[in-house]
There are 4 protein chains.
Amino acid sequence: MTDSVKPRARGADKRRRLAAAAAQVLHEQGVERTTLADIARAADVPVGNVYYYFKTKDELVRAALSEHSTRLDEITAGLDELPDPRERLKALVAAWVERREVAARLGCPTGTLAVELDKRADGVLDAAAAAVIRRLLDWAADQFRALALPDPDALAVTFVSAYQGMSLLANALRDPEIMTREGARLTAWLDSLEARAG
Amino acid sequence: MTDSVKPRARGADKRRRLAAAAAQVLHEQGVERTTLADIARAADVPVGNVYYYFKTKDELVRAALSEHSTRLDEITAGLDELPDPRERLKALVAAWVERREVAARLGCPTGTLAVELDKRADGVLDAAAAAVIRRLLDWAADQFRALALPDPDALAVTFVSAYQGMSLLANALRDPEIMTREGARLTAWLDSLEARAG
Amino acid sequence: MTDSVKPRARGADKRRRLAAAAAQVLHEQGVERTTLADIARAADVPVGNVYYYFKTKDELVRAALSEHSTRLDEITAGLDELPDPRERLKALVAAWVERREVAARLGCPTGTLAVELDKRADGVLDAAAAAVIRRLLDWAADQFRALALPDPDALAVTFVSAYQGMSLLANALRDPEIMTREGARLTAWLDSLEARAG
Amino acid sequence: MTDSVKPRARGADKRRRLAAAAAQVLHEQGVERTTLADIARAADVPVGNVYYYFKTKDELVRAALSEHSTRLDEITAGLDELPDPRERLKALVAAWVERREVAARLGCPTGTLAVELDKRADGVLDAAAAAVIRRLLDWAADQFRALALPDPDALAVTFVSAYQGMSLLANALRDPEIMTREGARLTAWLDSLEARAG
DNA sequence: AATGAATGAGTGTTCATTCAT
DNA sequence: GATGAATGAACACTCATTCAT
């Protein structure tokens with residue numbers, strides 16, 4: 001019974017598999033060094049079939065960004081369960097630190113994608129990457145606002161900027177401990193904000 | 001007189017022009033989207049001649065990194081004229097903020113190069129990029145050490161991480177003002193360190 | 001009532017719609033630049049369903065030719081109502097001139113198809129195109145024969161050749177007036193034949 | 001001595017060889033059915049090298065048209081040696097008839113190219129094809145004008161139209177004799193013009 | 001009879017790199 | 001030292017055709 005999946009479902013499944021594979025492989029190899037065949041192989045889909053779901057490589061990149069955006073939404077939705085906004089922010093930092101090995105190997109998925117896409121002349125896909133980052137900024141600003149801190153938008157920029165900076169350095173130096181140390185510093189900063197606000 | 005430049009000198013000049021052009025064009029377009037022809041054109045050197053000076057494209061990338069490293073050395077050498085290490089650090093921040101338009105358009109030259117090169121499997125060129133970043137880290141650590149602050153290496157990581165983070169965000173969001181605001185925050189942080197150190 | 005069309009009829013209808021769409025789209029875009037999807041879309045038939053009616057693209061091309069042949073038969077059948085064979089020929093020329101805008105934009109449907117299909121190595125479909133042209137030649141020869149003119153077959157060739165030539169030029173130069181002027185010349189020629197025959 | 005061709009000459013030679021091969025192969029197979037590899041093979045040039053001389057396939061098509069234009073110029077230049085304009089026109093007809101086997105197999109090079117290119121939406125290359133046809137029209141009009149015949153431009157259209165029409169029919173019906181018969185008729189028409197002009 | 005999905009061979013084009021002179 | 005030309009291995013993308021249901 002459960003085996004007899006409808007074609008519809010199978011098609012949607014393949015699309016999702018391709019998007020997930022794109023997110024993964026593009027994070028690992030970057031946009032330009034990744035071929036469609038790479039993504040197709042990772043998704044176990046024949047190359048020719050990819051185009052049935054995504055008309056261009058750029059659409060696959062967009063799907064990968066969307067995938068990252070969804071994953072971010074899931075994370076923040078989980079954090080929203082916590083009662084205290086500051087605890088939410090600290091929990092996010094903890095999650096980043098937990099993934100330090102990946103960060104050291106590949107950097108932040110969205111951040112590195114944004115860097116590569118920003119080099120393009122067209123300015124279409126980099127806007128999509130910026131949108132994902134903005135989504136994180138908005139969520140962080142919401143937390144700072146809930147904490148009644150002054151200028152929550154600027155605090156959000158500082159917060160996300162710190163994450164991107166430590167991810168980039170951890171990646172460039174291949175040192176996951178940078179995530180640990182800078183994560184601790186960021187947590188301390190979050191704690192110190194309460195005092196200032198008071 | 002001026003006409004009779006020695007072949008040697010002319011050759012060295014071409015090499016330098018190629019390296020400078022590589023630094024510039026690779027910063028603008030990224031490694032993968034830049035062709036050798038792009039660099040050759042920017043340096044006003046025939047394509048076939050490039051290989052006389054650089055055996056592979058990767059060597060040109062390495063030369064671009066070396067160019068960025070040299071530029072960094074020049075900057076820090078200038079800053080070393082200042083008597084106070086904290087003033088040196090603050091002056092560097094000021095220089096970063098001054099270049100905010102470039103940062104918003106293209107990001108940090110070394111940082112974006114490092115991100116792109118880290119996606120490579122070989123791990124040869126990304127080490128070269130890491131070396132440039134490490135050079136900046138070392139200089140910053142020297143200043144913190146001169147200020148007799150505890151754990152100067154960690155402070156240097158925080159300092160450079162902040163720069164990379166704000167450059168990445170300014171670039172991704174195409175907002176130079178992020179450089180201004182985060183630069184001010186970074187300067188305040190540098191000032192606050194004195195108190196703690198005391 | 002109108003809803004309860006028999007499946008048979010609906011199938012035949014789809015077939016006809018596909019053939020008509022093929023005739024139209026192939027005239028507009030040519031054989032090689034037209035995809036099956038183009039024709040399916042124009043006929044409002046799902047792509048996968050096309051193959052139920054036509055096993056290959058070539059069969060669709062054949063159907064388009066057949067469509068043009070049918071249309072030609074309808075026209076000549078209409079002309080056959082006229083009592084005088086010469087008037088029939090002149091009426092055909094008038095019909096061609098009337099369609100001058102289409103001729104200037106797309107050329108003669110059969111003629112342009114024949115040109116494209118003649119480039120093929122197989123020599124299967126171009127025979128089908130030739131058959132349509134021959135049908136026109138035969139009809140024209142019949143008229144010349146009915147006029148008791150010498151060598152009606154050669155006259156038919158001259159007649160059709162003039163039509164193809166002026167269509168090609170009108171199309172290539174995008175000038176519908178060529179149809180008008182050459183049509184007038186052709187009509188005058190038809191009139192002049194009577195005299196010679198006497 | 002003659003063997004030591006300069007690189008320059010060899011490069012230009014290759015370009016010419018490619019253009020000639022393009023003219024030939026495109027005439028034989030049509031634009032859409034001809035691959036770059038086909039042309040490269042015919043010119044005995046590696047595929048990758050084609051792009052050193054022609055940036056796109058369309059440029060090769062343009063070169064083929066230019067080749068046909070040049071060939072036409074050579075022919076008309078030869079005919080211009082004849083003292084009588086009418087003899088020139090008749091000699092051209094004779095040349096067409098002489099090539100009847102090619103016409104029956106492949107049609108007029110420029111005419112068939114124009115037909116295929118006219119199906120394109122862009123309207124760039126078909127203008128180039130039209131230009132070649134117009135060159136022939138202009139030359140023919142010059143002859144009619146030299147004969148002091150009324151409306152030489154219209155006569156030129158009739159003349160070229162007849163050529164295109166008979167080429168198309170000869171090609172579609174694979175009958176070279178159509179060229180012979182229609183050529184004779186065209187010659188008679190040219191002769192008859194004198195009388196009328198008188 | 002109907003159709004969304006699958007497939008793979010093929011096409012134009014790019015580009016780092018090499019070569020001949 | 002210098003350079004125009006050569007080369008071939010990719011790669012993104014297309015499309016006729018087939019298949020499973």
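Atom set for the values below is all heavy atoms of this structure, side chains included, hydrogens, waters and symmetry mates excluded. Lettering of chains follows the sequences in order, A, B, ..., and the numbering in each one begins at 1.
Remark: A/Y52 is not in phosphate contact with F/dT14, judged by side-chain N or O atoms under 4.0 Å from OP1 or OP2. OP1 or OP2 of E/dA6 has at least one side-chain nitrogen or oxygen of A/K14 nearer than 4.0 Å.
For residues 31-40 of chain C, proximity to DNA chain E is found at no residue, defined as any non-hydrogen atom under 4.0 angstrom from a strand atom.
Remark: A/E67 does not engage A/R62 in a salt bridge, criterion side-chain N to carboxylate O under 4.0 Å. A salt bridge links B/D58 with B/R120: at least one charged nitrogen is closer than 4.0 Å to a carboxylate oxygen.
Figure legend: D/R15 and D/F54 shown as a cation-pi pair, the cationic atom lying under 6.0 angstrom from the six-membered ring centre and within 45 degrees of its axis.
Residues B/R17 and B/V45 have side chains in contact (heavy-atom distance under 4.5 Å, counting atoms from C-beta outward). Side-chain contact between D/R105 and C/D118 is absent, with no heavy atoms from C-beta onward closer than 4.5 Å. Looking at C/L106 and D/K119, their side chains come closer than 4.5 Å, going by heavy atoms from C-beta outward.
Counting only Watson-Crick and G-U wobble pairs whose two distances sit under 3.5 Å, DNA chain F takes part in these stems of three or more pairs: E:2-21 with F:2-21.
Comparing A/N49 and B/Y51, the nucleotide of DNA chain F nearest to each residue sits closer to the 5' end for B/Y51. Heavy-atom distances to DNA chain E give each of C/V47 and A/V47 a nearest nucleotide, and the one nearer the 5′ end belongs to C/V47.
Residue A/D122 qualifies as enclosed at atom CG: its count of foreign heavy atoms under 6.0 Å is above 12.
Computed from coordinates, the D/D13 CG to F/dG4 C1' distance equals 15 Å when rounded to whole Å.
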